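Numbers restart at 1 for each chain; the letters A, B, ... are given by sequence-line order, proteins then strands. On a predicted model such as this, the values are computed, not experimentally measured, just so you know. Both backbone and side-chain heavy atoms feed into the values below; hydrogens, waters and symmetry mates do not.
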Protein chains: 2
Amino acid sequence: MGPGPISADPRVLRAMSAALVGQYDPAMTGYMNEVMELYRGVFKTQNEQTLLIDGTSRAGIEAALVSLVEPGQKVLVPIFGRFGYLLKEIAGRIGADVVVREKEWGQVFTPAEIESAIREEKPHLLALVQGDTSTTMNQPLEEIGALCAAHGVLFYTDATASLGGNDFRADEWGIDAATAGLQKCLGGPSGSAPITLSDQAVDVIRSRRHVEEGIDDGSTGQGVRIASNYFDLSQILDYWGPARLNHHTEATSMLYGARECARLLLAEGMDNAVARHALHGRAMAEGLKGLGLTLFGDTAHKMNNVVAVHIPDGINGDAARAAMLNDYGIEIGTSFGPLHGKVWRIGTMGYNARKDAVMLTLAALEQVLRTGGVTVPASGGVQAALEVYGA
Amino acid sequence: MGPGPISADPRVLRAMSAALVGQYDPAMTGYMNEVMELYRGVFKTQNEQTLLIDGTSRAGIEAALVSLVEPGQKVLVPIFGRFGYLLKEIAGRIGADVVVREKEWGQVFTPAEIESAIREEKPHLLALVQGDTSTTMNQPLEEIGALCAAHGVLFYTDATASLGGNDFRADEWGIDAATAGLQKCLGGPSGSAPITLSDQAVDVIRSRRHVEEGIDDGSTGQGVRIASNYFDLSQILDYWGPARLNHHTEATSMLYGARECARLLLAEGMDNAVARHALHGRAMAEGLKGLGLTLFGDTAHKMNNVVAVHIPDGINGDAARAAMLNDYGIEIGTSFGPLHGKVWRIGTMGYNARKDAVMLTLAALEQVLRTGGVTVPASGGVQAALEVYGA
């Protein structure tokens, strides 16, 4: 019940144990095409170029940034938590001219603040986290795409922690590139990073197409070469597209898992999945308040799938987390940087966005708090949660 | 039965469906430590830094090269097939000064040729493929480490296609860095790249340690920063080490799979596994000759786990491959570049290094050859294979 990775859906794990097929077996390329279509549904996009990067969620981030941004181009990163710093870090490593704006942890940016920064900095690309689990804040994105379009800025968002549990609309919100991971609201294991790219993003990427030596058909050699082979989206698009250009060997079992994550979500309906995360997230938050704890941050902008609470006085936060894990088999998290040891973070995401998971966590936490010396109302957590559930 | 990826061992796939545990759960960090020890056995090394990169085999290559080589440093790549070009490509993308030597496809380099190139080029690092599936050649490495040490050159080898099926001795052969993948002789799916690093390689990497902003403890800032966050081995070592520095979220299911691959190989014994690949590889090669086909290349240096044969006159190579797949459910490959459409490549690796797999493939190929208009001796393939098996 931490901020992710979370327990994967058993159906996803079963899907991953299916027999492998060859890299260019029609069954395999059929699965790849199916995965593209499934993730169009998950991202709410018509983008042809919607596929998987073979690595964890930050592999998706790096693939997007290294392919969309040339060394020296300006990237604007509004930072409201640890994962904003990660975008800054990754963009900096690939040689971008990175400029940032920073928000106090626990807050989000207004569209006006972002527009003002765009006017001042005139970046090539805006890189903005949607849900930053370090603070539990969910940055509103609805108006950002139009701002970027008006100023000729590419708009990339990291939806790793938010996708599937919070509203996300790639096309409607004018997002040029978005990446995610399976290990949060999608209910799978870490190791595959879904990505979607607008036509405009694809044009930027294709302008840098350099097919690797050994399989080059002579069509290569334009633009500034992407400084990574593994994350070269121009080649990866050709591997997922009709050209079936040889690049990496697709991580077949992870693809099976990613496929099942999307199938389950789309069968449920994306809006229903978001509503489920909202319900169980609210039950968890109210339950924690019912235990006398104080929520962290601007809760009007809290992600549905994770909540942070101030660790109460008189208890050792790490000892309490250890007791939750060792005595009750439930993992909860702390956070990074300024919040390390100050808050606990508790997730309700993916397969763990369930009533029994919420109730058991609140029941166990009540025991751990009391044993740790904190005065807690008996059954205050589970009663508050049950009220949310309408029981 | 292609050159890989191959059918994974069902035991590996079952291991991958185990429930996930949290990223810093003592069970998970225990598994990580266990994986490090297991792969020391697989690589035949005492290297403390033996771990997994979360991506396909070329992710391991890029992690090694981008972390060991600074832009402008010279890398020498002796090329004897498509995957030598891949090393050149990856090293070039990261800004290395790449120099190459090239061999006709189907041959390997002598130690004297490599020493001569080292003397002429004085590279920072030698990057050499062990087994190049594009030509099926297995480059002898026994003497190369000593040559590199004598000249102060770091020695990296790509053992993706060879490890587990051909002799490999990281320590005895003086290898500073080696990477692999699961989808060949290790019997697993693509998506995790085992890597081992000598103390000397670790020193080079640690000299470039820059902890990412957001979690930096102030200990950072030496050397030329590695131009990738995802492949920054200095941080990845700290994630796998006692510091447990937050970096990516380990791909847990892939780690379970990698762990099971190594457990199975070590239970069999690495030398026994190599002998198994040699036996079934010889049976396949003799069987193909028994069908009247001609082997490609310097067979004295053929990898145990894959064989290439010239496509005989009078048959459409791609149609025959399609018939193998569609009528018999068996995948075989062609090759790249100068060998595309000229040879078929047939693997006997990992879970497919089995007598029944060899016999069925030869039986089916006999039918496909005859149907395609090639005159083949009745049962010539399976009889020749049975002689190898001593039946």
Assess whether side-chain hydrogen bond (donor to acceptor under 3.5 Å, both in side chains) is satisfied between A:E250 and B:S190, documenting all intermediate values.
CA-CA 7 Å; A:E250 184 60 18; B:S190 173; over 6 Å; no
So what's closer than 4.5 Å to chain B heavy atoms on A:H340: side chain, backbone, both or neither?
neither
From B:D54 CG over to A:S192 OG, what is the distance, rounded to the nearest 0.5 angstrom?
11.5 Å
Flag the pair B:Q23 / A:P5 as yes when at least one side-chain heavy-atom distance between them is below 4.5 Å, and no otherwise.
yes
Spell out, as yes or no, whether a donor-acceptor pair under 3.5 Å connects the side chain of A:E62 to the backbone of B:N229.
yes
If one checks every heavy atom of B:Q183 against chain A at 4.5 Å, the contacting part turns out to be side chain
Donor-acceptor pair, side chain of A:E212 and main chain of B:E89, under 3.5 angstrom
no
N/O donor-acceptor pair under 3.5 Å between A:R93 side chain and B:I226 backbone:
yes
Could you measure the distance from the OH atom of B:Y256 to the CG atom of A:L13? Nearest 0.5 Å is fine.
9.0 Å
Please examine the side chains of B:M16 and A:S17, heavy atoms only from C-beta on, and report whether any two atoms are closer than 4.5 Å.
no
Carefully, step by step, assess B:S57 and A:T249 under the rule side-chain contact (heavy atoms from CB on, under 4.5 Å).
CA-CA 8 Å; B:S57 41; A:T249 298; 5.5 Å; no
Below 4.5 Å, heavy-atom pairs only: which of B:H248, B:R14, B:K88 has the largest tally toward chain A?
B:H248
Compare all side-chain heavy atoms of B:S228 with those of A:I90 and state whether any distance is below 4.5 angstrom.
no
Is chain A contacted by the side chain of B:A15, its backbone, both, or neither, given a heavy-atom distance below 4.5 Å?
neither
Using ring centroids (six-membered ring only for Trp), state whether B:Y230 and A:F231 fall under 6.0 Å.
yes
B:T252 versus chain A, the contacting section by heavy-atom distance below 4.5 Å:
backbone
Side chain, backbone, both or neither of A:N246 within contact of chain B (heavy atoms, under 4.5 Å)
both
Which one wins on heavy-atom pair count under 4.5 Å against chain A: B:D25, B:I94, B:I61, B:V12?
B:D25
4.5 Å side-chain heavy-atom contact, A:S7 and B:V21
no
